[in-house]
Protein chains: 2
Amino acid sequence: MTALAPISTKDRILDAAELLFANDGFEATSLRAITAEAGVNLASVNYHFQSKDALLHAVVARRAGPINQRRIEALQQLEEKLRNEPIPIDELLEAFFRPVTECNVLVPRMMVRFHYLEARETFRAIYETHFKPVANRFAPALRKALPHLKPEEAFLRMQFTMGAFAQLAAGSGTMEVVSEGRMHAPTREEALRQLIQFTAAGFRAPSLGAGL
Amino acid sequence: MTALAPISTKDRILDAAELLFANDGFEATSLRAITAEAGVNLASVNYHFQSKDALLHAVVARRAGPINQRRIEALQQLEEKLRNEPIPIDELLEAFFRPVTECNVLVPRMMVRFHYLEARETFRAIYETHFKPVANRFAPALRKALPHLKPEEAFLRMQFTMGAFAQLAAGSGTMEVVSEGRMHAPTREEALRQLIQFTAAGFRAPSLGAGL
DNA sequence: GAACAATTGAAACAAACGTTTGTATCATAC
DNA sequence: GTATGATACAAACGTTTGTTTCAATTGTTC
């Protein structure tokens, strides 16, 4: 086998775009920066993909597919194990988040940036294609796990959870910077466990009742 | 008194920039879009402010000052009321978040976009100036409120909390869109109470101990 | 090894960007 | 009544953007 596999131009573009989109954002990343990083010609982006927007779709699609597949597999295993019993909220959260934390660190950061930041219209399409189906798949199990919450409350807390994860995914190195070196960043596994510990407790908190 | 006060060019630019930065982001918003929205001449941005970056600073500074002042006032009141007793975590969270939710809705959304999205170097300066001081002011009270957590855990959970709030602030209309109209968005007061309920429970969750 | 399609390369395109320029307008002060 | 300052304006600056063009090169198939 070859020591270093020859990487196709297409993949080199995807890798570079993923890196730069994650670090600088979509708008701020030029095709020239991408092709320079990838070591390929400028025109090859429009040749292999059709436009910068289509490149963004391809970058996301390459990662979202496997992640969502593993999410659904994990959910199915839980459903089979527990039959009709409600799935505990922390196991549900782990099924949803572990596949993301176990892949390349760049991916969640990039996705988070798109999640509520920029390229609004383009992201809308990405959301509909790659995130909405898996969200709909998890929704019933989530409802069953949270019988004490009204639908609006459960939904709002799921949003909080997404935000907490986003903060984790987006901010690589945030802890060192903000604490000025006094603290070390947790490993990915530690961070995942802390995220689940935090958000599961949030979900289990009593309903606020009347208000909402 | 005048029914509708004449708004200065400078303020019209600030208002328009705040609106467009919040909705489209910094990079994606051109000075031409800002001046068109404000109904002023293109050059007036570089006249009243010096650059697009400096305009961003001004937009943030106009809002961050009053908000942080009210945050610190609320914290002082809690400290005086409770003397040396630890401040309950939910009261601490309310002191921190209520001043933000009670101001113009655009502001938190805009700040969130900058918080871990774009204009990295510019935002670093904004963070150091407007957010770091108030964060340092709250830090000791937070530690005292969370004696069961290691410093790293407390810090990580504060990050989760920021992310949960960010999701709330960034996504105006998210609930209607994602739920496809089945749910109505909560009022700001309801959302704040839900945020505190969720994150306070997260903070109170037991330490994970050894790992981190 | 010739023929052909697929891919890459350098260069150029129009459009949009942030910024600068020079001048006009308007108060207020002398 | 004229000089002075701050502000507003239209126009153009040079640069960068995403995209296109077309010739050169590569890889594959007969």
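So that the names make sense, note that chain A is the first sequence line, chain B the second, and so on, each numbered from 1. Here the structure is a predicted model, which is why all the values come from computation and not from measurement.
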What distance separates A/R157 CZ from B/T199 OG1, expressed to the nearest 0.5 Å?
10.0 Å

Checking C/dA12, C/dG18, D/dA8 against the side chain of B/L31 (C-beta onward), the nearest is C/dG18

Just compare D/dT20, C/dT8, D/dT7 and give me whichever is closest to any side-chain atom of A/A43.
D/dT20

Could you tell me whether A/T35 contacts a base, only the sugar-phosphate backbone, or nothing, with contacts defined as non-hydrogen atoms closer than 4.0 Å?
nothing

When rounded to whole Å, the CD to C1' distance for the pair B/E27 and D/dG18 reads 16 Å

Taken to the nearest whole Å, CG/A/N46 to P/C/dA14 is 17 Å

Is any NZ, NE, NH1 or NH2 atom of the basic residue among A/D15 and A/R62 found under 4.0 Å from an Asp or Glu carboxylate oxygen of the other?
yes

Atom-pair distance (CZ on A/R12; C1' on C/dT8), nearest Å
11 Å

Would A/R109 and A/E18 count as a salt bridge (charged side-chain N to carboxylate O under 4.0 Å, His left out) here? Give the steps.
CA-CA 10 Å; A/R109 180 154 72 177; A/E18 184 174 294; over 6 Å; no

Using whole Å, what does the distance between atom C1' of nucleotide D/dT20 and atom NE2 of A/H48 come to?
16 Å

Atom CZ of B/F21 and atom C1' of C/dG18: how far apart are they, to the nearest Å?
12 Å

Counting heavy atoms from C-beta on, name the nucleotide in C/dT8, C/dG18, D/dA8 closest to the side chain of A/N41.
C/dT8

Is any side-chain heavy atom of A/F160 closer than 4.5 Å to a side-chain heavy atom of B/Q167?
no

Nearest whole angstrom, please: distance from the C1' of D/dT19 to the CZ of A/F49.
16 Å

Do A/E153 side-chain atoms and A/L208 backbone N/O form a donor-acceptor pair below 3.5 Å?
yes

What's the NZ-P distance between B/K10 and D/dA6, to the nearest Å?
12 Å

Nearest to side-chain heavy atoms of B/L42, which nucleotide of D/dT19, D/dT7, D/dA12
D/dA12

From the candidates C/dT19, D/dG18, C/dC17, the one with an atom nearest any side-chain atom of B/S30 is C/dC17

With heavy atoms under 4.0 Å as the rule, sort B/S44 into base, sugar-phosphate or nothing.
nothing

Taking the side chain of B/R32 as its heavy atoms from C-beta onward, which of C/dT19, D/dT19, D/dT7 lies nearest to it?
C/dT19

Whole-Å distance separating the CD1 atom of B/I34 from the C1' atom of C/dT19:
14 Å

Residue B/Y47, side-chain heavy atoms: nucleotide from D/dG18, C/dC17, D/dA6 that is nearest:
D/dA6

